[in-house]
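Note sheet for the following structure.
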Amino acid sequence: MSDSIILGIESSCDDTSAAIIKGNAILSNIAANQAIHKEYGGVVPELASRAHQQNIIPVVEKSLLKANIQQNAISAIGFTRGPGLLGSLLVGTSFAKSLAMSLDVPLIEVNHLQAHILAHFIEDANPMPPKFPFLCLTVSGGHTMIVLVKDYFDMEIIGKTIDDAAGEAFDKIGKIFDLDYPAGPIIDRLAKEGNPDAFKFNKPRLENYDYSFSGIKTSVLYFIQKEVKKDPDFIKNNLNDLCASVQKSIIEILMNKLEKAALDLNIKEVAIAGGVSANSALRKAMQDNHEKLDWNIYIPKFEYTTDNAAMIAMVAQLKFERGEFTDLRTTATAKYDL
Ligand code: KG4
Ligand code: ZN
């Protein structure tokens with residue numbers, strides 16, 4: 001891998017992030033979260049875009065400072081072109097274009113979903129990078145899919161959600177429990193003190209490798225409505241058990257399809273990626289399959305799971321080596337296939 005120094009910029013949702021990569025080693029990975037969305041129980045696109053505008057310059061400056069790099073040492077600029085919220089993507093895209101123009105360096109567009117997967121090739125993401133072909137369960141607030149990764153830029157989605165994403169299910173069910181947004185990490189924490197077998201919720205029955213999470217959300221909602229009529233404090237009195245049971249159901253749904261795909265395709269290299277891969281029960285289920293099914297498992301370091309610019313810089317580095325540059329007339333795109 002070349003030793004080039006590349007700046008990566010991520011602004012697809014509600015995290016403004018900038019990272020510096022040298023070869024595949026991350027020198028800095030800075031992120032500014034947007035606390036404002038908590039008040040609304042979800043990301044408000046207009047507010048996200050405005051916060052990106054405020055954050056982008058300080059975040060990029062911090063990434064350079066932390067990496068101890070001068071602007072003129074940068075060989076290229078990578079940015080998330082999509083998929084994501086258009087107003088958010090536009091901030092990072094416009095900034096990346098202007099900086100590439102002023103520094104006279106190549107601009108490199110990055111697909112956010114590809115980046116979640118290729119984050120596994122960052123030097124300190126794993127003790128060893130995955131070997132092709134591998135399966136990657138990509139689970140975030142916006143996406144849930146099983147991807148067959150044949151090569152760096154040769155990926156095939158073999159299964160995906162037909163409705164909600166797994167992270168969205170965590171967040172929406174958390175809302176029913178009156179938890180803050182994003183509820184995924186809170187449910188994970190509360191589940192540690194709960195009984196995962198306390199309550200049972202409906203599981204989807206889909207034929208292939210596709211997922212569905214709207215059923216479990218509705219099943220939890222009806223169950224809670226029924227119980228709260230009998231005991232107004234039902235949620236409060238059972239919060240840990242509720243969280244543990246919901247988490248167990250969601251992780252079982254995710255793992256069943258992943259196991260089926262691994263078996264059918266005879267693949268033992270299995271990775272997870274995206275925000276939900278921070279979940280402790282999912283990580284444990286992967287570890288169990290390493291022992292039971294002899295999987296070689298790849299679980300990225302926590303800082304490379306949720307949205308971050310390190311993964312954007314990693315993909316930009318791979319594209320830089322291949323001479324894959326983007327025209328300065330490019331624009332952001334909300335939809336962007338793998
Ligand atoms: O990848 P990400 O940062 O942003 C998207 O591209 O969506 O993922 C955010 C999602 C949120 O839905 C959040 O609740 C979920 O990841 N999440 C978790 C955990 N940490 C983050 N879900 C379950 N357990 C966690 N520990
Ligand atoms: Zn993401």
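Note that ligands are numbered from 1 as they come in the structure, with each ligand's atoms numbered from 1 the same way.
Between Asp163 and Phe213 the shortest heavy-atom distance is OD1-N, 2.7 Å. Heavy-atom minimum distance, Ser11 versus Thr80: N-OG1, 4.3 Å.
Between Asp294 and Lys268 no salt bridge is recorded (no basic side-chain N to carboxylate O distance below 4.0 Å). No salt bridge links Lys160 with Asp210; every basic N to acidic carboxylate O contact stays at or beyond 4.0 Å. Taking 4.0 Å as the cut-off between side-chain N and carboxylate O, Lys260 and Asp264 count as a salt-bridged pair.
Remark: ligand 1 and Asp171 share an N or O pair separated by less than 3.5 Å (distance only, no angle test). Of the polar atoms of Gly275, at least one N or O is found under 3.5 Å from an N or O of ligand 1, judged by distance alone. In terms of polar-atom proximity, defined here as any N/O pair under 3.5 Å, Pro182 makes no such contact with ligand 1. Considering backbone and side-chain atoms alike, Gly184 places an N or O below 3.5 Å from some N or O of ligand 1. Ligand 1 has an N or O atom lying under 3.5 Å from an N or O atom of Asp307, backbone or side chain.
Heavy atoms of Arg189 stay at 4.0 angstrom or farther from ligand 1. Heavy atoms of Gly142 approach ligand 1 to within less than 4.0 angstrom.
Taking the six-membered ring where the residue is Trp, Phe199 and Phe201 present tilted rings, their angle falling between 30° and 60°.
At a 4.0 Å heavy-atom cut-off, ligand 1 touches Thr306 through backbone and side chain alike. Only the side chain of His112 comes within 4.0 Å of ligand 1, counting heavy atoms alone; its backbone N, CA, C and O stay farther away. Contacts between His116 and ligand 1, counted as non-hydrogen atom pairs separated by less than 4.0 Å, involve the side chain only.
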*Apply side-chain hydrogen bond (donor to acceptor under 3.5 Å, both in side chains) to the pair Glu109 and Tyr336, showing each step before the final yes or no.*
CA-CA 11 Å; Glu109 70 184 69; Tyr336 193 169; 2.6 Å; yes
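The Zn ion (ligand 2) has His116 among its coordinating residues (N/O/S atom, backbone or side chain, under 2.8 Å). Among the atoms of His143, no N, O or S atom is found under 2.8 Å from the Zn ion (ligand 2).
The protein heavy atom nearest to atom 10 (C) of ligand 1 is Gly141 N, 3.5 Å.
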